[in-house]
Amino acid sequence: MSHIRTRFAPSPTGHLHIGGVRTALYNWLLSRKNKGKFILRIEDTDLERSTEESVRAILDGMKWLGLLWDEGPEIGGPFGPYKQSERLMIYQSFIDQLLKENKAYKCYCSQDEINKKKVKAKKAKIPYQYDRTCRHLTPPELEKRKKDSFTIRLKMDWDEEIIFNDLVRGEVKFHTSQFDDFIIVKSDGYPVYNFAVVIDDVTMKIDHVIRGDDHISNTPRQILIYKALGLSLPEFAHLPMILGEDKSRLSKRHGATSVQQFREMGYLPDALINYLARLGWSYDDSQEIFSREELVHKFSLEKVSKNSAVFNFDKLNWLNNYYIQHLPLQEKVRLCLPFLIKSKLLTEKQADQNQDVLEKIIDLLGPRIILLSDIIHLGDFFFKNRVEFTKEALDRIILKFNCSSLYAQILQSLPSIISWTKEEIIKTFEELSNRMDIKKKDFFQTIRVALTGSLTSPDLIGIMLILGKEKTISRFQQAINAIDKNNLRPKNPTG
RNA sequence: GGCUCCAUCGUCUAAUGGUUUAGGACGCCGGGUUCUCAGUCCGGUAAUAGGGGUUCGACUCCCCUUGGAGCUGCCA
């Protein structure tokens, strides 16, 4: 297993799906581990649904995740092209071979005719198989239909057990009697998936075919094509599917499924990779956090589990938070910045000029950030010129305590703080707290509301340190003004 | 319907016939730290789908049932 070649072969009919990413990841890991090659191939033989935009999304997504390919779109390689739509000539030569060797034939049956036969079979409760009408066409009949469009079918002349050894599930058996003369070339001249995939894997010298287990039933058909062509088989490994919370196949209705969405929500590539790696694979009974290098080193197909796995956002979030916390501060800032700018909390220019403040803010917010985008609602009060009381803050603090006079007292004490340091601020507020007729807990909550408008925030001293003396004073003043202006006072004066 | 795959806590999984009162992680619950919320630390809750075999012994092997999934396309 030294120079192994693996591949990821998505079809560009939508975004890059998270399930596909895991397949890509396992292929990538195995190629890295064995110092082999990882090939990216675009399977765009479905003319109707394939789009250039989708190809873009796939390439971008793969790059963002750091799943770089050794051969494929944009970089080429010795076995290109790497887009099926550009490989028609290659398929043609293999089709010619099959036709010439009388192992395949042209079928002129229309889609309508076939559909009728299927309906009939269903009514009779017998499994549908193509009745081979066109296989027995006489030369005059063939001559007559020469100009009609046709598909090409593979002759099923086997009567045996197809057995292959799947690297994750062991021996899998099918009997050839289940297969009919299936189509390998569509009437538009494009090869059908099962055919194209075989030709591509062969010509690209793929020796380990690792894919989702939805392909397990396709495998015997593909093996039959290999056999018809006299080609030797690669190793197969079928990965379990990823399910949604309700255990049905993961789809949009379970939440985000495209890499782009995960990216926009503020997930880190490393967290996503770590999560996906552990979803369906384990190393031992205790390790959860794996660096990429570790994954490359420790990954093996033998430890891939056979059963499908439910995608769980709670665990992904836990990992994302973990990875964010372990990021160097400057990196954290760099990653959070786009979210702050996009939400208009600050401009790029402001960010450049206030790098140090930004670092302090993000350092303070650090452990609270689960998704990078959390920075927006967690830290907005730092960037806004005035804070607004949340409904809860209003009900539980502003309308419950005599905040206006409390703030006034604070304002009297603040100017006496000469050097705006942690120690001085603590000293002053502890003193205030002791002096006032309010529980310490409530006292600090009133401050929190004045400074942030909210009932929850990071450490208050930390906030004041970042805001600076001026802004801190002005927030208390603003709060008093807002209270006076809107007459926000406790309903019960005695309370 | 036919064929195929799968089955351990709510979720991801460990335990590859005996070392196990079935281990870890996320979640959840409780507690410590504390000005709130997080974070962090400590503790707790919770599973071998059911039934038959094989065996001195079964989560582990075999069979059946049940449940879930996939394929059964001129989609990939």
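Bear in mind the structure is a predicted one, so any value in this text is a computation, not a measurement. Proteins come first, then strands; the chains are lettered A, B, ... in the order of their sequence lines, and each starts at number 1.
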C1'-based separation of B:U72 from B:C56 [nearest Å]
48 Å

Span that lies between the C1' atom of B:A25 and that of B:A15, in whole angstrom:
15 Å

N or O in side chain of A:K118 less than 4.0 angstrom from B:G73 OP1/OP2
yes

Suppose we call two aromatic rings close when their centres sit under 6.0 Å apart. Are A:F38 and A:F8 close by that rule?
no

Would you measure the distance from the C1' atom in B:U19 across to the matching atom in B:C28 and give it in whole Å?
32 Å

Would you please classify the geometry between the A:F236 ring and the A:Y226 ring as parallel, tilted or perpendicular, with 30° and 60° separating the classes?
perpendicular

Let's see if you can work this out: which of B:C26, B:U36, B:A15 has an atom nearest to the side-chain heavy atoms of A:T456?
B:U36

The nucleotide from B:A14, B:U13, B:A76 with an atom nearest the side chain of A:N307 is B:U13

Side chain A:N321 and base B:A38 donor-acceptor under 3.5 Å
no

Distance check needed: B:C26 P versus A:E245 CD, whole Å only.
17 Å

Rounding to a whole Å, what distance do you find between A:N194:CG and B:C74:C1'?
13 Å

In whole Å, I'd like the distance from the NE2 atom of A:H377 to the C1' atom of B:A38.
11 Å

Within the structure shown, what part of the strands sits under 4.0 Å from A:Q178 by heavy-atom distance: base, sugar-phosphate, or nothing?
sugar-phosphate

Give the rounded distance in Å between these two atoms: CD of A:E43 and P of B:G73.
19 Å

What distance, rounded to whole Å, do you find between the two C1' atoms, one in B:G44 and one in B:C5?
38 Å

Taking for each residue the nucleotide of RNA chain B with the nearest heavy atom, is it A:V168 or A:P458 whose nucleotide lies nearer the 5' end?
A:V168

Verify salt bridge (Lys or Arg N to Asp or Glu O under 4.0 Å) between A:R249 and A:D214, making sure each step is shown before the conclusion.
CA-CA 11 Å; A:R249 203 173 177 153; A:D214 46 338; 3.0 Å; yes

Closer than 4.0 Å, any side-chain N/O of A:R448 to the OP1 or OP2 of B:U34?
no

For B:G24 and B:C42, measure between their P atoms and round to the nearest Å.
13 Å

Are OP1 or OP2 of B:C75 and a side-chain N or O of A:K186 less than 4.0 angstrom apart?
yes

Using a cut-off of strictly less than 4.0 Å, decide whether A:N115 has a side-chain nitrogen or oxygen near OP1 or OP2 of B:G73.
no

Phosphate oxygens OP1/OP2 of B:A69: is one of them under 4.0 Å from a side-chain N or O of A:S308?
no

Considering only atom P, compute the distance from B:G31 to B:A69 and round it to an integer number of Å.
40 Å

Say we look at B:U13 and B:U60: how far apart would their C1' atoms be, to the nearest angstrom?
16 Å

note: A:R249, atom CZ; B:G68, atom P; distance rounded to Å ~ 17 Å

For the side chain of A:V310, starting at C-beta, report the closest nucleotide among B:G1, B:A25, B:C12.
B:C12

For B:A15, which nucleotide is its Watson-Crick or G-U wobble mate, given both distances must be under 3.5 Å?
none

Pair assignment for B:C75, Watson-Crick or G-U wobble, requiring both distances under 3.5 Å:
none

Which nucleotide wins on minimum distance to the side chain of A:D46, given the candidates B:A76, B:A38, B:C74?
B:A76

B:U13 phosphate, OP1 or OP2: any side-chain N/O from A:S305 under 4.0 angstrom?
yes

Identity of whatever pairs with B:A22 - Watson-Crick or G-U, under 3.5 angstrom:
none

Between B:U4, B:C74, B:U40, which nucleotide has the shortest distance from any of its atoms to the side chain of A:Q325?
B:U40

Are A:Y193 and A:H215 an aromatic pair by the rule of ring centers under 6.0 Å?
yes

Which nucleotide in the list B:G73, B:A76, B:C3 gets nearest to the side chain of A:Y128?
B:G73

Pick base, sugar-phosphate or nothing for A:R169, based on heavy-atom distances below 4.0 Å to the nucleic acid.
sugar-phosphate

Of the nucleotides B:A76, B:C71, B:U4, which has the atom closest to the A:S217 side chain?
B:C71

Considering every strand shown, what is the Watson-Crick or G-U wobble mate of B:U40 when both distances are under 3.5 Å?
B:G32

Should the ring pair A:F476 and A:Y407 be called parallel, tilted or perpendicular, given that the plane angle runs from 0 to 90° and is split at 30 and 60?
tilted

Residue met sooner reading RNA chain B from 5', once A:E430 and A:K315 are mapped to nucleotides:
A:K315

Would you name the heavy atoms of A:D44 and A:Y190 that are closest together and state the gap between them?
O-CE2, 4.4 Å

Between A:D246 and A:H254, is there a side-chain donor-acceptor contact under 3.5 Å, judged purely by atom types and distance?
yes

May I ask you to check whether A:F443 and A:F401 place their ring centres under 6.0 Å from each other?
no

Nearest whole Å is fine: how far is B:U13 P from A:L316 CG?
14 Å

Just name whichever nucleotide pairs with B:C5, Watson-Crick or G-U, keeping both distances under 3.5 Å, else none.
B:G68

Looking only at the side chain of A:N312 (C-beta and beyond, no hydrogens), which of the listed nucleotides B:U72, B:A76, B:C26 gets closest?
B:C26

Main-chain N/O of A:R7 paired with A:R41 side-chain donor or acceptor, under 3.5 Å
no

Does B:G10 have its OP1 or OP2 closer than 4.0 Å to a side-chain nitrogen or oxygen of A:K247?
no

Could you tell me whether the phosphate oxygens of B:G23, OP1 or OP2, come under 4.0 Å of any side-chain nitrogen or oxygen in A:S286?
no

Take the protein atom CZ of A:R278 and the nucleotide atom C1' of B:U11, then report the distance between them rounded to whole Å.
11 Å

Using only modelled atom types and a 3.5 angstrom limit, is any donor from either the side chain of A:S187 or the base of B:C74 paired with an acceptor on the other?
yes

Who does B:U55 pair with, Watson-Crick or G-U, both distances under 3.5 Å?
none

A:L378 has an atom CG; how far is it from atom P of B:G39, in whole Å?
12 Å

Quantified in whole Å, what is the C1' atom distance between nucleotide B:C12 and nucleotide B:A46?
15 Å

